[in-house]
Structures are given as C-alpha cells and as structure tokens.
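Some notes on the structure that comes next.
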Amino acid sequence: MIIALCDCNNFFVSCERRRDPSLEGLPVIVLSHNDGCVIARSNEAKALNIGMAVPFFTVRGICKAHGVVALKGDHTLYRQTSRDVMECLGGLFPEVEVSSIDEAYLLLTGIQTLDPARTCLGARGKLLLSTGIPASFGIAPTKTLAKIASRFSKKDPSYNGVFNFLDHPAADDLLASLSVGDVWGIGSRSLERLRQMGIRTALDLKNADDEKLLKRFPIGMLRTSHELRGVCCHSFEPDPESHKSIQIAPSFRKPVTDLETLQSTAAEHAVEAAKTLRAEGLVCGVVQVSIQTNPFRKDLPQYEATADQRIEEPTDYSPLLADAARQATEKIYKPGYAYRRVGVVLGDLSDSSSRQSLLFSTRDRSREKKLMEAMDSINRALGDDTIKPWFTKETPAE
DNA sequence: TCTGGGGTCCTAGGACCC
DNA sequence: TCTGGGGTCCTAGGACCC
C-alpha cells in the first residue's frame, strides 16, 4: 500500500486568512468557545511559544505585547472550508479517506506508475490555488508513517510541503530523531511507561520486542510498532461510516447551581444534537447526560456524574430527546454544587429507515416526522433557531 | 476573574446463560 | 467441609486524537 496524508497547515487560522487576507503574516490565534483556550495558532504565534490548548489567560500578556490577533472560532466557516478541501482532493485522487476536519488519507497505490512525490506536489499546488489552504503531504506505506512524514514535511520548508518516506535511505535515522511521544497514538500515559522500558524514540518503538509490548500495553501499541516497520495495521477506509454518537458539551460562562437551568440547558443541547441526527438520517436509542463542577477549582466541592435515559423507540424527534435529557439530568443532580458543564450525548444510533416500531406504540410517527421536517426547513431558510420546540416539564412540544 | 469540544477505540469486569 | 466453568454480551471508564 502507498498512501499519503494530506494535513492542512494551521487549519483554522488558514480558514480565517482565506476570509481576511490582511491577517497574512501576522501572529494569529483562534480561541475556543467562551474564549477559554487556544485551539489554533499561526506559525508566527507558535514562534512566540504560545502552546496548543493552553488557557488564554496564561498567554494574554504575550498576545498583548506582540500584537497577536485573537479570534473567536467560527466553526461553520471551518466546516465549509473543510468540505471545499475534501472535494478538491476528491477530484485529484481516486480514493480519499477523510480522517478529521483538516486531514485526509489518499490512496496512491492505483497511480503507482507516477512518482508519488510529484503527484502530491502537484496536488498541493492545486489545493492552494483552488481553496487557498496550504497543506503538508506525507507519503508512506502505513498511516502511522504517513503521519510522521507529513510532520517532517511541515517542519522543514526545503521539502516544499511533501515528504516521501518510501525507500528513504535515512529512514531509521529520521525515526531516531523523533521522540516516541510524537508518534500517532502515543499519549502522555503511554509515553511515561515506554520511557520506563527504555523506549525513547520512534526507532526504539519500531525495534521493540513484540511480546514485551503486548504484556505491558493494549494491542494498539503493538500495531503502532508494526506500522513503524511498514506493516499495515490500520487499513485505508474511503467510505465514511455514520456517526456512532453525537455530542454537545460546552461549558457555562458562569457556574450554575439550580436544577432547572441544568435541565433546560441539557434539553437545548439535545435539540441541537438532534439537528445533526436528522441531517444524517439517524435515530437515537439513548440520551446520556453528564454534569460536572469545575475541576480546576480545588477550593470548591467537586462532583461529576453521568446518567442514561433510554428511548423505548429510537427516535429523531426533538421533544422526546429533550424530555429524556431533562429526566437524565434530574437523576444525577445534587444541590449545593457549582456546575460548570452539562453535556449531552446521543448514543445507540441507527439508520432511521430501518427503525422498528413498538407493537403498541402510541406515537404518531408521521406527524412527528412532518413537524421536524417543517422545523428544519424553516430554520435552514430563515436561519438557525428561527423556530425551536417549546418545552414544559409535563407536556412535550406540540 | 479567566482552564475546549467532539469524537473513536480498547479493556476489564459484571451479568447472564447453559 | 465441599459450592463449575466457559462463553458471550454489555457497560463504564481510560486513553488518545484533532
């Protein structure tokens, strides 16, 4: 197998620059919801040592001193730009596996006769021209190596955004120069335990003993080691599977203490998630709600809990899902805590066309369906939340 | 003062069955 | 006193990624 990873550079910042070219050359960061954390940085911002996912207040001083432009994230823009990028790649390569909002694997096996590096170099130029988004390409026989290759291509400008790991004469030297913590799949927990085993670099992990790895780690570690050797353990899967869960869990700007606010927030999240559910033609069998106090406030009492509410007949009907979210919230609520977050996960998803009806169902499915279709189409035409369901505790929306 | 949000995969252990 | 054992399914929670 020959695959390439296409990884967009500083994606959210690149999207912002595409919309507003005057940001070019300036240090730019994008902030999360509620302006809490840094979630994207331009190269100029990285050079100022602004870390990824750091709380904004810890870098506010640096930003002020260096005129860093701090932007509120616009995820609608990022999703649209991502679609443009993937569509462009789809026109350039026979098979594309979208792996995240800013990354895709490309199958090169079918076009082997051409030089893979030249193919990617050409694609990189076309992508930049048609979408305005710069990207880095890494070519390798496995996904793990392709990730590493794209990292090299990003690091050293002399590669022109394309690094080819295939038959690379100094492959092992390069792996020896890479900390094992920078390998895809190795997080901080594993890093610590690998270090204890004397495994410090990507090359160490490549050459590690299979049995020892299997004894000390879940199977994923062995796969990673094999992938570093060029043995494919993560297959190329161009057809996207449908979602297994849909989650909405933003934190509050100010802490919340009362049940009523938590319940109505959970209900709103459920309604929001249900839009995605219907857009993808899915129904949901369980609504999970979690509530959590602020874990950083060690001076305050801590509490967190999760509860499930099963839906008898899997549904995409917002009022039912909102009601389930309210019920789940009530199960776990404890007074006397300052809550920072209430999250909703729609789980046990299945295809809406294959859903089963209960024998003695009292629900009027076709009426529910018409209502949701009408609501979604009005909101699409006139803007989000032009109309939304009205909930009371006792009676579902009509 | 202020600490992201949306996902996936894996595993251990309990429940249950025969 | 002695109290099966193996398979499967489900779930919660951990780890990781972007």
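We name chains A, B, ... by the order of the sequence lines, and we start the count at 1 in each one. No experiment lies behind these values; they were computed from the predicted model shown.
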Using only atom types and a distance under 3.5 Å, with no angle test, would you say the side chain of A/Gln302 pairs donor to acceptor with the backbone of A/Asn294? yes

Hunt down any stem DNA chain C takes part in, defined as 3 or more consecutive Watson-Crick or G-U pairs whose two distances are each under 3.5 Å. B:5-18 with C:5-18

Give A/Asp102 one of three labels, base, sugar-phosphate or nothing, depending on what nucleic acid heavy atoms sit under 4.0 Å from its own. sugar-phosphate

How would you label the contact of A/Ile101 with the nucleic acid (heavy atoms, under 4.0 Å): base, sugar-phosphate, or nothing? nothing

Take the protein atom CZ of A/Arg60 and the nucleotide atom P of B/dT3, then report the distance between them rounded to whole Å. 10 Å

Once you round it to whole Å, what is the distance between P of B/dC9 and CH2 of A/Trp184? 11 Å

A/Gln288 CD to B/dG5 C1', straight-line distance once rounded to whole Å: 15 Å

Quick one: label A/Ala249 by what it contacts on the DNA or RNA (base, sugar-phosphate, nothing), any heavy atom closer than 4.0 Å. sugar-phosphate

pair A/Leu321-A/Ile311: side-chain heavy atoms closer than 4.5 Å: yes

Against the side chain of A/Phe296, the closest entry in B/dG5, C/dC18, B/dT3 is B/dT3

A/Thr276 or A/Pro255: which one's nearest nucleotide on DNA chain B is closer to the 5' end? A/Pro255

Under 4.0 Å from OP1 or OP2 of B/dG5: is there any side-chain N or O of A/Ser251 that close? yes

Which of the following nucleotides, B/dC2, C/dC16, B/dG5, is nearest to the side chain of A/Phe57? B/dC2

Would you say the side chains of A/Tyr339 and A/Glu304 form a donor-acceptor pair under 3.5 Å? no

Do A/Arg193 and A/Phe217 meet the cation-pi criteria used here (NZ or CZ under 6.0 Å from the six-membered ring centre, within 45° of the axis)? yes

Do you know which of A/Ser42, A/Ser153, A/Pro134 makes side-chain contact (heavy atoms from CB on, under 4.5 Å) with A/Asn9? A/Pro134

Please enumerate all residues that pass ring-ring contact (aromatic ring centres under 6.0 Å, His included) together with A/His226, with sequence neighbours excluded. none

Measuring to OP1 and OP2 of B/dG4, would you say a side-chain N or O of A/Arg340 lies under 4.0 angstrom away? yes

Is there a side-chain contact between A/Arg341 and the phosphate of B/dT3, meaning an N or O under 4.0 Å from OP1 or OP2? no

Might you confirm whether atom NZ of A/Lys370 has over 12 heavy atoms from other residues, nucleotides or ligands at distances under 6.0 Å? no

Any side-chain heavy-atom pair from A/Met1 and A/Thr142 closer than 4.5 angstrom? no

Table please: side-chain donor-acceptor pairs of residues 160-176 of chain A below 3.5 Å, with sequence neighbours left out.
unit_1: A/Asn164; atom_1: OD1; unit_2: A/Leu166; atom_2: N; d: 2.8
unit_1: A/His168; atom_1: ND1; unit_2: A/Ala170; atom_2: N; d: 3.1
unit_1: A/Asp172; atom_1: OD1; unit_2: A/Lys206; atom_2: NZ; d: 2.7

Please classify the nucleic acid contact of A/Thr306 as base, sugar-phosphate, or nothing, using heavy-atom distances under 4.0 Å. nothing

Residues passing the ring-ring contact (aromatic ring centres under 6.0 Å, His included) test with A/Phe11, sequence neighbours excluded, are none

Check DNA chain B against residues 208-247 of chain A and give the residues with a non-hydrogen atom under 4.0 Å, in numerical order. A/Pro218, A/Ile219, A/Arg223, A/His243, A/Lys244, A/Ser245, A/Ile246, A/Gln247

With sugar-phosphate meaning primed atoms plus P, OP1 and OP2, does A/Thr58 contact a base, only sugar-phosphate, or nothing at under 4.0 Å between heavy atoms? nothing

What is the distance from CD1 of A/Ile50 to P of B/dT3, rounded to the nearest Å? 18 Å

Quick one: A/Ile29 CD1 to B/dT3 C1', roughly how many Å, whole number? 14 Å

Mind checking what makes side chain to side chain contact (heavy atoms under 4.5 Å, CB included) contact with A/Lys147, not counting sequence neighbours? A/Leu5, A/Glu103, A/Tyr105, A/Trp184

Rounding to an integer number of Å, can you tell me how far A/Ile332 CD1 sits from C/dA12 P? 12 Å

Nearest-Å distance once atom C1' is located in both B/dG4 and C/dC17: 14 Å

For A/Val30, answer base if it contacts any base atom (sugar-phosphate contacts may also be present), sugar-phosphate if it contacts only those atoms, and nothing otherwise; contact means non-hydrogen atoms under 4.0 Å. nothing

Starting at atom CG of A/Asp35, determine the distance to atom C1' of B/dG5, rounded to an integer number of angstrom. 14 Å

Mind calculating the distance between CG (A/Leu277) and P (B/dG7) to the nearest angstrom? 11 Å

